[in-house]
Each structure stands twice: as C-alpha cells, then as structure tokens.
> 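Quick one: this structure, given as structure tokens, is what I'll be asking you about.
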Amino acid sequence: MVTIIDTNVLVDLAIPGSAWHDWSSGQVFSAFKRGPVVINSIIYAEFCVRYRSMDEVDRLLPQSEFRRENLPWPAAFAAAVAFRSYRRAGGARECILPDFLIGAHAAIRGYELLTRDSKGYRSYFPSISLITPETHP
C-alpha cells in the first residue's frame, strides 16, 4: 500500500523533542514496511519553509525513501470542488487549500494518508484510509 505523508508528520520527524516525534516516527517506519512512501510538491513546500537550503531538506527527506510525485490533474480539480464546498459551508479563508490538495491526491490515487489532522480529510475525502493518532494510537 502506498502512503502519502502529511507535512505535520514530517515536521514531527524533524524535531526530535516534539510531543509527536515518537508517534510519527513509528507510523512512518510502519508505512515504509507496507510499501512506498510519497510526498508531493505541496507537502515539500510546506516542509521547506523551516529550512535555508534544498540540500538540507533533501538530506532530511531523501528521494530514496520519500518518493516525489506530482499532483495529478484530477486531484487538483477534486481539491477545488472540495474547497468550494468547504467555503460554501462557511469555512475560513485562511491557508486551507494545501490540505485539500493533499487529500485529493490521496483520494484520486487510492493512497493511505498519514496525518495528525484528520478532521478536514474525513469530512471532504471520506474514501481516504487515514492513519491518525485516533486510528493508530
């Protein structure tokens, strides 16, 4: 099974003293045992905000372990549809769109999604198999 890793889990891995480091490390290790682990350019960009160089990021997220995959065009459309529904339901205007792009990528490809923030994904992409602290303590 292919697993796409949400940015919040990658940040947990990069911060050894974080409250979620152990849980995230264990879940990423389990994902590697199940099959390929994927990130896309949205996840990569969100993660890169904390670093000064691509070399540093690429050492933390080596391509040999974290497969890079482009966002499928149907996922971009599905993200827009879900985001429009979210906005019509009164959702905030703040930077939420990246989560919709990540969720749509997982949904369109049929990937598991490893995240600590399941609420929006469950609401707008109910077909995704989520790996969360609630489902995998």
Side-chain angles (χ1 to χ4, degrees):
M1 171 57 83
V2 177
T3 304
I4 192 165
I5 309 290
D6 200 1
T7 311
N8 54 43
V9 173
L10 296 177
V11 170
D12 293 344
L13 293 179
I15 304 172
S18 74
W20 289 101
H21 179 80
D22 290 344
W23 181 85
S24 292
S25 296
Q27 294 304 322
V28 169
F29 181 72
S30 293
F32 282 127
K33 290 192 320 189
R34 287 191 302 277
V37 171
V38 169
I39 60 174
N40 62 28
S41 56
I42 292 99
I43 295 163
Y44 186 86
E46 286 185 315
F47 186 79
C48 286
V49 167
R50 294 155 184 79
Y51 301 95
R52 293 184 184 262
S53 75
M54 279 183 67
D55 288 340
E56 186 177 7
V57 173
D58 289 341
R59 276 192 302 277
L60 294 167
L61 303 175
Q63 290 188 43
S64 60
E65 295 177 20
F66 296 90
R67 187 172 83 192
R68 271 64 164 165
E69 189 172 290
N70 291 324
L71 184 74
W73 289 101
F77 185 81
V81 169
F83 188 68
R84 184 174 53 235
S85 296
Y86 165 81
R87 295 284 307 137
R88 285 187 179 150
R93 291 186 187 270
E94 287 78 43
C95 301
I96 299 294
L97 187 55
D99 289 343
F100 285 89
L101 292 164
I102 294 165
H105 188 163
I108 292 295
R109 292 283 196 226
Y111 295 165
E112 296 179 316
L113 174 59
L114 173 53
T115 184
R116 283 190 292 100
D117 185 19
S118 62
K119 183 180 175 190
Y121 295 122
R122 276 202 181 97
S123 298
Y124 293 95
F125 302 101
S127 67
I128 298 174
S129 175
L130 294 175
I131 302 165
T132 68
E134 298 81 27
T135 63
H136 295 77

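One-based numbering along the sequence shown.
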> Looking only at heavy atoms, what is the nearest atom pair of A76 and L101, with distance?
CA-CD2, 4.2 Å
> Please tell me if the side chains of V2 and R109 come closer than 4.5 Å, counting only heavy atoms from C-beta onward.
no
> Is the side chain of W23 donor-acceptor paired with the backbone N or O of H136 at a distance under 3.5 Å, no angle test?
yes
> Check A104 against A75 and note the closest heavy-atom contact, atom names and distance.
CB-O, 3.1 Å
> So, taking the atom named OG1 in T135 and the one named CD in E112, what distance separates them when rounded to the nearest 0.5 Å?
9.5 Å
> Return the set of residues passing side-chain contact (heavy atoms from CB on, under 4.5 Å) with V81 (not counting sequence neighbours), or none when no residue passes.
F77, R84
> Using the ring of each side chain (for Trp, its six-membered ring), is F100 parallel, tilted or perpendicular to F83, with breaks at 30° and 60°?
perpendicular
> My understanding is that only residues two or more places apart in sequence, or in another chain, count here; which of them pass side-chain hydrogen bond (donor to acceptor under 3.5 Å, both in side chains) with S85?
none
> Are the side chains of I102 and Y121 in touch, meaning some heavy atoms are under 4.5 Å apart?
yes
> Examine I43 and I108 and state if one hydrophobic cluster contains both, with Ile, Leu, Val, Met, Phe, Trp and Tyr joined whenever side-chain heavy atoms are less than 4.5 Å apart.
no
> Hydrophobic clustering (ILVMFWY, side-chain heavy atoms < 4.5 Å, transitive) - are L13 and M54 grouped together?
yes
> Given T132, which partner from the list R122, R116, Q27 fulfils the side-chain contact (heavy atoms from CB on, under 4.5 Å) test?
R122
> Between CD1 of I5 and CG of D12, what distance do you get to the nearest 0.5 Å?
11.0 Å
> Mind checking side-chain contact (heavy atoms from CB on, under 4.5 Å) for R68 and listing every partner two or more places apart, or none if nothing turns up?
I39, Y44, D58, L61, Q63, F66
